[in-house]
Amino acid sequence: MQFQPTIVSFLCNWCSYTGADLAGTSRMKYAHNIRIIRVMCSGRVEPTFVLRAFKEGADGVLICGCHPGDCHYHEGNYKCLRRFHLLKKYIQQMGIHPDRLRLEWISASEGKQFAELADEMTEAMIKLGPAKINEVMQFA
Amino acid sequence: MEEKRIGVYVCWCGTNIANMVDVENVSKEIQTLPDVVISKDYKYMCSDPGQDLIVRDIKENNLNRVVVAACSPRMHEITFRKALETAGLNPYMFEMANIREHVSWVHTDKVEATKKAKDLIAAAIAKVQWHESLEKRTVEVNPATLIIGGGISGISAALEIANADKQVYLVEKSGALGGQVANIDLTFPFLNSAKQIIDHKIKTVMNHSKISVFFNTEVKHVFGYVGNFETTIKPNGNETLLNFGNIIVATGLKPFDAQKVANYGYGRLPNVLTSIDFEKVLKSGVIITRDGRVPKDIAIIHCVGSRNENYNAYCSRACCMTALKYVNQIKSALPKTNIYDIYSDMRAFGKGCEELYSITSRKNVMFLTFDHKDNLPQIKQASYEDTCNLLIEFKEKFSGELIEVPADMVILMVGMEAHEDAKQIAHAVGVSMCGNKFYIERHPKLDPVATTTDGVYVVGTCQSPKDIPDSVSQARAAAARILASIMVGKVEVEVTTAVVNEDLCCGCQTCVSVCPYTAISFNQEKKVSVVNEVLCKGCGTCGSTCPTGAIRSRHFTDQQILSQIEGLMSASKSKKKLIEIEET
């Protein structure tokens, strides 16, 4: 049986979560591996959330926010972007492949883009294979 | 610590969820999770019996937390929160798992979909464990309203509100009121004069003691929140501060630029006009070509810039009927002129519109069809031997033949587009745009004039292409919503704000620097940050910045989200037995 990754995704309430809802209302089909957690803003996504997701066994973590300039809270997505770059370096030091963490902009009208992103990331995680981090973190 | 007593309700949504998720099995398995007192599945949780079920269970079983697995929380979270309130429970002791939009509608494997639904419900249960009662807060509503745009929509809303004796600030970008309606001659389907409709309204607005109109003025930034907004405008260069409680965005449309369709030669061939140009011709009282002749043949081409992936994929809704209006107007002015109506599908959806089509089709007009998606008609200058000025060459869809239609004048039925500055207004007032730059309503069916920003409404063609009756209906609906909130005088505001634990705050002030609403200040005496809860909109950026965890984003606390992650992964985690460190 093919490896089925689990991808934890944090979606901002205003753009990305609505975009994912639109994929649903438009009956677009995408990989079942994405598990969505709603936050009000991508700026709310703490590094701890991402690390906890990996620790709990996620094979990938996807953060989605409004496009630059379109944040419902003006600039939360920029705060997220800054944190993301730092976090990407950090997870590598912990032995997690950097491609396992992604930040993408999905607007409320981009249901199609969300569905494509879900498929694409699932494909990429299948290629990378299971994330092998949780035992390491438990020892740490 | 209080005992957690959770009730879980899995919705079938008719067959919408039940088709792809084994809801009965899900609810049975969820029952075994710790703290779950009741787990049930039901056909329609949002229905009255569905809600009654929750209310009854809360009372009979002393539930103190509820999870509903159904559609998107953006759809029915409020519905279920109200049910909790009815049962005497704090509405925030509730969490929703989205197993319709995020599961049943998007997946095709029933086993995997069922598994995913269980994960999402487990996550919701894990999160709701940590939910806490939040008290509702209300603020006073400033009875004034800002309306952006002075077209038929803005004017209609302004009059509705002002006639209820409430102040309206009407800000118009151009130097005149009336918008697109002021540019047209007759309206469809009853061929009434647009001037008669709009002139009287403009006059009433201008003389109304409760309406202040600002011409040549734009709204750049709006601050505040529902009930208490403010903006500074600069009419005639004088800075003016306006305070208001609600906003109506009625910025209208921009006609499609016909030059983008090279086939039609607009701008190059003088007798190719757009519908906007032709309204001017009609208003002038004489239908003549650019070179001053009475046209023997007039062709009308539909769907210019509409229903075509190269331009706009959507239908502009009003052009078909406008074309029929032209047919009637031309026929009555120039009975001998031949009219060719070249259309793709006749969209006659409104009241009286099918009747207009039926009447018009008996008027000796040549109706021809074309393919609006590819091989658009080609308009070219006729040669000297021809008896007409222009020739339109296209493949007639019904006959399948390549034909040529003569014309002395061609009218292009241009579609509607959002304004170029739509994004700027969207940012100023905090509304979202769809891919076509039209503003997005809160819900297409259940809440069509409100937006996701409380106190901001969208009406008319800035929301989507529409005709005058629909624009006016929306405008008056938004006005009614606003008057209702003014009447109550108070409005509920966000309670999911940030709060500082002063014992943990180290006084670094990082939160102060990241807050987009300047809602956090620093108390010099206590050396701690303080959140102004009226200004806070609950984005949670401060919460994720705080190095000591002193700031809690209510309803999205660290504890709640971390538990949600654990709940989400509880099923897949147990499967994983991993030892190696991954290469990087």
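Sequence lines set the chain letters: A, B, ... in the order given, protein chains first and strands last, and positions in each chain run from 1. As the structure is a prediction and not an experimental result, all values here were calculated from the model.
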Report task. Mind ranking B:Gly540, B:Cys434, B:Cys539 by heavy-atom pairs under 4.5 Å with chain A and telling me who comes out on top? Result -> B:Cys539

Report summary line: In terms of heavy-atom contacts, B:Ser544 and A:Arg83 come closest through OG-NH1, 3.3 Å

Query raised in the report: Mind checking whether B:His102 and A:Tyr17 have side chains closer than 4.5 Å, heavy atoms only?
Result: yes

Query - Sorted by number, residues from residues 68-82 of chain A in contact with chain B (heavy atoms, under 4.5 Å) - result: A:Gly69, A:Asp70, A:His72, A:Tyr73, A:His74, A:Glu75, A:Gly76, A:Lys79

Query raised in the report: Can you check whether A:Phe10 reaches B:Ile565 side chain to side chain, under 4.5 Å on heavy atoms?
Result: yes

Query raised in the report: Hey, what do you get for OG1 (A:Thr6) to NZ (B:Lys115), rounding to the nearest 0.5 Å?
Result: 9.0 Å

Query raised in the report: Between B:Asp109, B:Asp558, B:Leu120, B:Val514, which has the largest tally of heavy atom pairs under 4.5 Å with chain A?
Result: B:Asp558

Requested in this report: Calculate, to the nearest 0.5 Å, the distance between atoms CE and CH2 belonging to A:Met28 and B:Trp105 respectively.
Outcome: 13.0 Å

Query raised in the report: Is the closest side-chain heavy-atom distance between A:Asn13 and B:Thr452 below 4.5 Å?
Result: no

Query raised in the report: A:Ala115 versus chain B, heavy atoms under 4.5 Å apart: side chain, backbone, both or neither?
Result: neither

Report task. Can you measure from CD1 (B:Ile561) to CZ (A:Arg52) and round to the nearest 0.5 angstrom? Result -> 12.0 Å

Report task. Against chain A, label B:Thr545 side chain, backbone, both or neither, depending on which of its atoms sit under 4.5 Å from a heavy atom there. Result -> both

Query - A:Ile36 vs B:Asn98 side-chain heavy atoms within contact, under 4.5 Å - result: no

Report task. Spell out the residues in residues 37-44 of chain A that have some non-hydrogen atom less than 4.5 Å away from a non-hydrogen atom of chain B, in order of number; otherwise answer 'none'. Result -> A:Ile37, A:Arg38, A:Val39, A:Met40, A:Cys41, A:Gly43, A:Arg44

Requested in this report: Output the option from B:His427, B:His555, B:Lys537 having the highest count of non-hydrogen pairs under 4.5 Å with chain A.
Outcome: B:His427

Query - Top of B:Met433, B:Glu77, B:Arg100 for chain A proximity - count of heavy-atom pairs under 4.5 angstrom - result: B:Glu77

**Report entry** Heavy-atom proximity to chain A below 4.5 Å, by part of B:Lys127
**Finding:** neither

Query raised in the report: Using non-hydrogen atoms only, which part of B:Asn436 is less than 4.5 Å away from chain A: side chain, backbone, both, or neither?
Result: neither

Query - Under 4.5 Å from a heavy atom of chain B, the part of A:Thr25 involved - result: both

Query raised in the report: Between the main-chain N or O of A:Lys29 and the side-chain N or O of B:His107, is there a donor-acceptor pair closer than 3.5 Å?
Result: no

